[in-house]
Engineer: 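Once you've had a glance at the structure underneath, I'll fire off some questions.
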Amino acid sequence: MSTDQSTKTRADAEPILSVENLRTAFYTDKEVIRAVDGVSFDIYRGETVGIVGESGSGKSVTARSIMRLIDSPGRIENGRIMFDGEDLIEKSPKQMRSIRGGSIAMVFQDPLTSLNPVYTVGNQIKEALRLHRGLSGSKATQEAIELLEAVGIPDANRRLREYPHQFSGGMRQRAVIAMALACDPELLICDEPTTALDVTIQAQILELLEELQEERDLAIMFITHDMGVIAEIADRVNVMYAGEIIENAPVVELFESPKHPYTQGLLNSIPGQGLGEDDRLSTIEGDVPTPNEDPTYCRFAPRCPKAFDQCDVVHPKPMSVGSDDTEHLAACLLYPEDISTDEAVAIHRDGNTQRGDN
Amino acid sequence: MSTTTTEEEEAVTRETQETLLEVNDLKTYYEDGGFLSSNPVKAVDGVSFDIKRGETLGLVGESGCGKSTLGRTLMRLEEATAGEVKLNGTDITTLSGADLKQFRRDVQMVFQDPDSSLNERMTVGEIVREPLDVHEWKTPKERRQRVRDLLETVGLQEQHYYRYPHQFSGGQRQRIGIARALALEPDFIILDEPVSALDVSVQAKILNLLEDLQEEFGLTYLFIAHDLAVVRHICDRVAVMYLGNIMEIGPSDEMFEAPANPYTHALLSSIPEPDPTTARDRITLRGTPPSPRDPPAGCPFSTRCPVKIRPDEYRSLDDDVWQRIEVFREVLRERSRVEPSISDRVRELLGRETHESGMDEILEELFGNLDVPNTVMEHINEAAEYAENDDEEAGRTYLREEFGSVCDRERPSQLGVGDQGRLSLCHRHEDEYDEPATVFESLVH
Ligand code: SF4
Ligand code: SF4
């Protein structure tokens, strides 16, 4: 992880993944839930982009939309998902199958969802090698051994012949990562990959991902609810709230000067952050709303300590927090902060932003 | 082990407080699989501590360390195998009849997952009232009033009485669980990961509530959790468990600022800080905890400890070589733990693939690119030969005898550290060895 470096790469390269104005909705009897609503962000080679948010924020649906793993009653309604210059939304199910587990690989919270209990770990890795790289026989075995070694599983030769249940939780997640790497992906999407693991094992997996990224120039999209993990692994962070990205900034900047009132509240509610030991934790009043209608207002307004009357009638769009700070965006009517709030509200209302919603 | 005046003073202040719970050498073993003579799971393997009235003791550790079993044993939801648990001076492990019933009023538990601990078919009012009904608390009318008061106490509304749990958010469901736990005015509440399933902003509200309730009702808490930031925030003292043992116990601020035990040290250093600018001189632990069925003979942490004491003759051996020897020991341990798969057995029976032990590959993988002294390599080869002949146990024993130290042989005792009555289970606190902190320092730099 190196922020300087990633900013540099960003300036003179094309993003490997560019999500533009994505909307994914779920249709229930009662309502249409816009789980992801107008989300845009980029990921470049060699960088880790974090997506952080509480439950129901839409972070996992974002990942599943990119992988085109949205089943009925959900559907992708709007937007583009440009991967390596092509729009994934246009791909046929068959093309998607070869992209999934090919140039885009995914690691989920529960390694058992990615491993088949009736096959040995070795067989599963070799199958991936056969499908995506055309390797078989002793070549595949040799490559599988090397992959297990690369993800830090000792005694690889022997462990290839074991079944997933014979592995500990941390070793299973390593095996899943080995399987993901078998296809030589360009983008690795990790959805809460360490949430089910103990901290000492989590530390091992985070370290492993960083090493692999460096070796292979992987782009990583890392989804988590854990601000500590994000601070550690991400180069750039998107904060989601009720289906929208409400703040996007390089990691150091986000933690040093969070701009959106929700991000500020979220960081303050973590124990040990900026409080005296006897102080009470700060909280955010109220509950997360269900995004079930067109946002013509700020979805955080009912809970926002800084809300003012315009927040109920103008939808804030992601915008530079200050005109000299193009790397840091917030979707809040208070920004850009170097112009008057009235002017800022006018810009949000008239919608002339660089990466707005419709 | 230094006794200073401050330590004595501190000890005196704690001593003057009334002890609510006293646990002495408690063990909880499970025999699963029905083979009574076989190795039991040593979930809790001899722990001792006390909790003063009004205090919050945190119990932390990774999954499988025994913290939840310990909590359940204190609740009498599990049978203690040995040792005593005294609540207000009475050993509760042997209670029965009316005494047990009284105990079940005085001690309550709040669980991690509000979903599974609340009966979905009962209304919120019924859930909170149930313990009052079971214990025939006062009149039904007074019970209903009590429930209404309790709902208010935990920040719910009276009209929630007739609703069902599924109509509530996770945070609100945890409030219902807390109201129920408070119903019989307990002295002592065991909170088993009460906020782990909640989002941080919700978690903050529940933690604030728990603190308010403690103050209002003079409650004593045992707070079981794996999130150390939460524990530091809410607990007066903390006990760190590993493989059924308390590795370190003491005042929480002091422990978080200067952990004494090598395991506490490693655990704290593996927590990701919500601050991307923190310097990371992390000690990443190798491997996973051993099976609680087959704990190490000496120190529970000896298979993973980064600052384990080495035998004299290997004290100056290259660190990398030493590391690899430890990994090799782990490989053999793993092999003797994992049952050969059925297809392996069939292959062996058919005489196909005669014994693909792969020892050569492992030695190559581990030691191939290192400059290993000949004498050391001879020992490694000897152990590998045992393993080659399918006797991993003999290989393990050989390596333990050759490369093991006091850490592998003797279980350390809890020694005093710091000046506030903190205890740590580690040989390194004895005078003849360097303190763990000193060794960690040299590892990082
Ligand atoms: S737009 Fe208004 S309500 Fe929304 S975050 Fe900004 S100040 Fe708060
Ligand atoms: S006794 Fe030895 S193995 Fe155990 S914690 Fe101390 S140094 Fe480490």
Side-chain angles (χ1 to χ4, degrees), chain A residues 1 3 53-57 120 145 149 154-159 161-163 166-171 197-204 206-207 225-234 250-252 254-256 262 265-273 275 277 280-284 287-288, chain B residues 61-64 169-172 199-205 207-208 211-212 226-234 253 266-267 269-278 280 282-289 304 327-328 330-331 334-335 338-341 343-344 356-358 361-362 365-366:
Chain A
M1 186 196 91
T3 314
E54 299 186 274
S55 25
S57 61
T120 63
I145 291 175
E149 282 170 8
D155 206 4
N157 199 356
R158 163 90 161 229
R159 305 225 65 175
R161 285 181 278 140
E162 289 174 9
Y163 292 86
Q166 293 171 303
F167 279 52
S168 67
M171 284 294 166
L197 304 175
D198 283 315
V199 279
T200 64
I201 310 297
Q202 165 169 285
Q204 295 170 355
L206 294 180
E207 201 165 271
H225 68 282
D226 187 326
M227 282 291 189
V229 170
I230 274 291
E232 176 152 338
I233 190 114
V251 68
V252 174
L254 186 92
F255 282 86
E256 264 171 14
Y262 172 67
L266 195 62
L267 288 172
N268 280 332
S269 60
I270 304 173
Q273 293 309 295
L275 299 168
E277 275 309 303
R280 292 169 65 79
L281 295 168
S282 6
T283 57
I284 305 175
D287 297 310
V288 184
Chain B
E62 301 177 85
S63 40
S169 67
Q172 285 174 315
D199 281 321
V200 280
S201 68
V202 182
Q203 167 181 304
K205 294 179 196 170
L207 292 174
N208 286 343
E211 285 184 314
D212 293 345
H226 67 276
D227 184 333
L228 292 137
V230 167
V231 166
R232 179 174 192 175
H233 178 79
I234 201 162
D253 280 339
L267 186 67
S269 106
S270 62
I271 302 168
E273 288 269 342
D275 175 0
T277 55
T278 38
R280 282 187 294 159
R282 159 166 306 162
I283 305 286
T284 308
L285 283 184
R286 217 175 1 85
T288 43
R304 297 171 84 200
V327 175
F328 184 48
E330 189 175 323
V331 164
E334 276 293 308
R335 284 194 165 197
V338 174
E339 296 269 308
S341 66
S343 60
D344 274 356
E356 214 189 290
S357 76
E361 281 103 330
I362 292 167
E365 180 189 333
L366 292 175

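Chain letters run A, B, ... following the sequence lines, proteins first and then strands; every chain starts at 1. What you see is a predicted model, and the numbers here were worked out from it, not measured in a lab.
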Engineer: Does the pair A:T200 and B:R304 meet the rule for a side-chain contact (heavy atoms from CB on, under 4.5 Å), with working shown?
Structural biologist: CA-CA 11 Å; A:T200 64; B:R304 297 171 84 200; 3.3 Å; yes

Engineer: Heavy atoms only: give me the nearest B:P276-A:A231 pair and the separation to one decimal.
Structural biologist: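 The answer is CB-O, 3.5 Å.
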
Engineer: Using heavy-atom distances under 4.5 Å, tell me whether B:V200 contacts chain A through its side chain, its backbone, both, or neither.
Structural biologist: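 Interface part for B:V200: both.
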
Engineer: With no hydrogens and no angle check, is any side-chain donor or acceptor of A:Q204 less than 3.5 Å from a backbone partner on B:G287?
Structural biologist: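 Indeed, once roles are kept as given, a pair shorter than 3.5 Å links the two residues.
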
Engineer: I'd like to know which of B:S63, B:G61, B:A229 tops the heavy-atom pair count under 4.5 Å against chain A.
Structural biologist: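 It is B:S63.
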
Engineer: Side chain, backbone, both or neither: which part of B:D212 has a heavy atom under 4.5 Å from chain A?
Structural biologist: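 Side chain of B:D212 only, per the 4.5 Å heavy-atom cut-off to chain A.
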
Engineer: When you measure from the side chain of B:N208 to the backbone of A:R280, do you find a donor-acceptor pair of N or O atoms at a distance under 3.5 Å?
Structural biologist: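 Judged by distance alone, no pair lies under 3.5 Å.
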
Engineer: Go through the atoms of A:E54 and report whether side chain, backbone, both or neither lie under 4.5 Å from a heavy atom of chain B.
Structural biologist: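 For A:E54, the contact with chain B is made by backbone and side chain together.
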
Engineer: For the side chain of B:E361 and the backbone of A:N157, is there at least one donor-acceptor N/O pair under 3.5 Å apart?
Structural biologist: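 No: the side chain of B:E361 does not pair with the backbone of A:N157.
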
Engineer: Tell me the closest heavy-atom pair linking A:F255 and B:P274, and the distance in Å.
Structural biologist: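 Closest pair (atom of A:F255, atom of B:P274, distance): CD2-O, 3.3 Å.
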
Engineer: So, the side chain of B:K205 versus the backbone of A:L281: is there a donor-acceptor pair under 3.5 Å, distance only?
Structural biologist: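 Here the side-chain-to-backbone pair does not exist.
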
Engineer: Under 4.5 Å, counting heavy-atom pairs only, tell me which of A:E149, A:H225, A:Q202 racks up the most with chain B.
Structural biologist: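 Top count of heavy-atom pairs under 4.5 Å with chain B: A:E149.
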
Engineer: Which heavy atom of A:I201 sits nearest a heavy atom of B:E62, and at what distance?
Structural biologist: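 Minimum heavy-atom contact is N-OE1, 4.3 Å.
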
Engineer: What's the spacing between B:T288 OG1 and A:L197 CG if we round to 0.5 Å?
Structural biologist: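 With rounding to 0.5 Å, OG1 (B:T288) is 11.5 Å from CG (A:L197).
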
Engineer: So what's closer than 4.5 Å to chain A heavy atoms on B:E365: side chain, backbone, both or neither?
Structural biologist: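 For B:E365, the side chain is the part near chain A, not the backbone.
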
Engineer: Is it the backbone or the side chain of B:R286 that comes under 4.5 Å from a heavy atom of chain A, or both, or neither?
Structural biologist: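 Backbone only.
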
Engineer: Heavy atoms only: give me the nearest A:P271-B:L207 pair and the separation to one decimal.
Structural biologist: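 Where A:P271 meets B:L207 most closely, the heavy atoms are CG-CD1, 4.3 Å.
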
Engineer: Hey, what do you get for CD1 (A:I270) to OG (B:S201), rounding to the nearest 0.5 Å?
Structural biologist: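 Taking CD1 in A:I270 and OG in B:S201, the distance rounds to 10.5 Å.
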
Engineer: Between chain A and each of B:D227, B:V202, B:L285, count heavy-atom pairs under 4.5 Å; write down the option with the most.
Structural biologist: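 Heavy-atom pair counts peak at B:L285.
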
Engineer: The test is side-chain hydrogen bond (donor to acceptor under 3.5 Å, both in side chains); show your working for B:T277 and A:E256 and say whether it passes.
Structural biologist: CA-CA 9 Å; B:T277 55; A:E256 264 171 14; 4.6 Å; no

